Amino acid sequence: MLFLNKKKLFRLNRRLQACAGMVRKDCVVADIGTDHAYLPIWLVKKEIIPKAIASDINIGPLQKAAFNIRRYNAGRQVDARLSDGLELIFPNEADDIVIAGMGGELIADIIEKAPWLKDAQKHLILQPMTCAPELRSYLSAHGFSVKREQAVQDGGHIYTVMQAEYDPAQVQTGNVFLQIGILTADTEENRAYIAQQCGRLQKRANGLRQSGKQAEEADKTEQVLAQLKQVLAAE
Ligand SMILES: C[S@@+](CC[C@H](N)C(=O)[O-])C[C@H]1O[C@@H](n2cnc3c(N)ncnc32)[C@H](O)[C@@H]1O
């Protein structure tokens, strides 16, 4: 009978797989904005981590998380918690904090409201859906250094996933960093992400030129574009 109750574990999509790949083995994870809780369930079921907090600001997603936690028999290891960002997660409760599937500005806001993240022992695994440059700018200005970054293609979109930690001496700066983080052109997915950013910058430069008034801004944008193209060429 026990055998009948066993639910086969799902596969994570490539985007969440990339996040999972940056989680440290045997640490405790807080997944902020968990929604379905697939990531924490998968991590405990694969025995990568012993336990996790699956947290969301909204009751609907949290109910979905609780349902899946029960469904995959992970209730002893995954705690579903209603919380706005890290407000109700306490510093000694988690080592790796995943904030994925949200806009970069919201991710920055969540980090800003949890000053205890300014601790080199805490790892942040961040996956912005939009506004990645704004998130990188926030990290840089607040002493967080990006230690790993990888682009991942999933469902026709290209995303970036980064692992950052508080390390003011090693923060990255500059326009290239803002656009592509620490990605290099060493994988097809990284190249696709860099090329996508090139396309966006080209569009911005064209728009600025067409407006007729912002030639200086257009020149600056094209300079950054040229730098990104050099990164692409330096495969
Ligand atoms: C698109 S889902 C992402 C789900 C999952 N993390 C993923 O990447 O597949 C975004 C989730 O973030 C939650 N959310 C939005 N703002 C939040 C906040 N301030 N604190 C916690 N959760 C938040 C939403 O309720 C929603 O469930």
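The first residue in the sequence is number 1, and the count goes up from there. Everything numeric in this text was worked out from a predicted model, so none of it was measured. Note: hydrogens, waters and symmetry copies are ignored here, and every other heavy atom, side chains too, is used.
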Arg204 and Val224: side-chain contact (heavy atoms from CB on, under 4.5 Å), yes or no, with the steps? CA-CA 11 Å; Arg204 190 184 304 163; Val224 182; over 6 Å; no
Can you tell me if Asp84 uses its side chain to pair, donor with acceptor, with the backbone of Ile57 under 3.5 Å? no
Spatial distance of atom CG (Asn13) from atom CZ (Arg15) [nearest 0.5 Å]: 5.0 Å
For a 4.5 angstrom cut-off between non-hydrogen side-chain atoms, does Pro128 reach Met162? yes
Side chains of residues 168-183: which donor-acceptor partners sit under 3.5 Å, not counting sequence neighbours?
residue, atom, partner, partner atom, Å
Gln172, OE1, Val146, N, 3.0
Gln172, NE2, Val146, O, 2.7
Gln179, OE1, Gln197, NE2, 3.3

Using side-chain contact (heavy atoms from CB on, under 4.5 Å), reason through Gln202 and Leu225 one step at a time and then give a plain yes or no. CA-CA 7 Å; Gln202 186 68 70; Leu225 175 59; 3.0 Å; yes
Minimal non-hydrogen separation, Cys19 against Ala100, with atom names: SG-CB, 4.1 Å
Give, for atom CD1 of Ile97 and atom CD of Gln163, the distance between the pair rounded to the nearest 0.5 Å. 11.0 Å
If only atom types and distance count, is the side chain of Asp95 paired as donor or acceptor with the main-chain N or O of Val28 below 3.5 Å? yes
Any donor-acceptor pair under 3.5 Å from Glu165 side chain to His123 backbone: no
Closest approach of Cys27 to Pro50 (non-hydrogen atoms, all atoms of both residues): O-CD, 3.3 Å
Under a single-linkage rule joining Ile, Leu, Val, Met, Phe, Trp and Tyr whose side-chain heavy atoms are separated by less than 4.5 Å, which residues share a cluster with Val161? Leu9, Phe10, Leu12, Leu16, Met22, Val23, Val29, Tyr38, Leu39, Ile41, Trp42, Leu43, Val44, Ile48, Ile49, Ile69, Tyr72, Val78, Val98, Ile125, Met129, Val152, Tyr159
Whether Asp219 and Arg209 form a salt bridge (side-chain N of Lys/Arg under 4.0 Å from carboxylate O of Asp/Glu) is what I want to check. yes
Between Asn68 and His36 the two heavy atoms that sit nearest each other are ND2-O, 2.9 Å
Are any non-hydrogen side-chain atoms of Thr160 and Arg136 less than 4.5 angstrom apart? yes
Run the numbers on Lys147 and Asp167 for salt bridge (charged side-chain N to carboxylate O under 4.0 Å, His left out), then give the verdict. CA-CA 10 Å; Lys147 301 298 180 188; Asp167 186 359; 2.7 Å; yes
Ser211 side-chain N/O to Leu208 backbone N/O, donor-acceptor pair under 3.5 Å: yes
Under a single-linkage definition using a 4.5 Å side-chain heavy-atom cutoff for Ile, Leu, Val, Met, Phe, Trp and Tyr, are Ile194 and Leu201 assigned to the same hydrophobic cluster? yes
Please find the pair of heavy atoms, one from Ala185 and one from Arg191, that lie closest to each other, and give the distance. O-NH1, 2.9 Å
Spell out, as yes or no, whether a donor-acceptor pair under 3.5 Å connects the side chain of Ser83 to the backbone of Leu88. yes
Give a yes or no on whether Leu126 and Ile89 share a hydrophobic cluster (residues Ile, Leu, Val, Met, Phe, Trp, Tyr; joining criterion: side-chain heavy atoms under 4.5 Å apart). yes
Which pairs would a plain distance check flag for residues 102-114, meaning a side-chain donor or acceptor within less than 3.5 Å of a matching protein atom at least two apart in sequence or in another chain?
residue, atom, partner, partner atom, Å
Asp109, OD2, Lys113, NZ, 3.1
Glu112, OE1, Tyr138, OH, 2.5

Is there a side-chain contact between Ser55 and Ile32, using heavy atoms and a 4.5 Å cut-off? yes
Heavy-atom nearest pair, Phe144 first then Tyr166, reads CD2-N, 3.7 Å
Between Lys122 (side chain only) and Ala94 (backbone N and O only), is there a donor and an acceptor less than 3.5 Å apart? yes
Any side-chain to backbone donor/acceptor pair from Asp119 onto Gln121? Under 3.5 Å, distance only. yes
Rounded distance (nearest 0.5 Å) linking atom CZ of Arg14 with atom NE2 of His157: 14.5 Å
What distance separates Asn58 CG from Thr34 OG1, expressed to the nearest 0.5 Å? 12.5 Å
Does Lys25 use its side chain to pair, donor to acceptor, with the backbone of Glu47 at less than 3.5 Å? yes
Hey, does the side chain of Thr221 reach the backbone of Glu217 with a donor-acceptor pair shorter than 3.5 angstrom? yes
Tell me the closest heavy-atom pair linking Lys45 and Ala74, and the distance in Å. CE-CB, 4.0 Å
Nearest 0.5 Å, please: how far is CD in Gln127 from CG in Leu135? 10.5 Å
Which value, rounded to the nearest 0.5 Å, describes the distance between Tyr193 atom OH and Thr187 atom OG1? 12.5 Å
Donor-acceptor under 3.5 Å (Asp56 side chain, Pro61 main chain): no
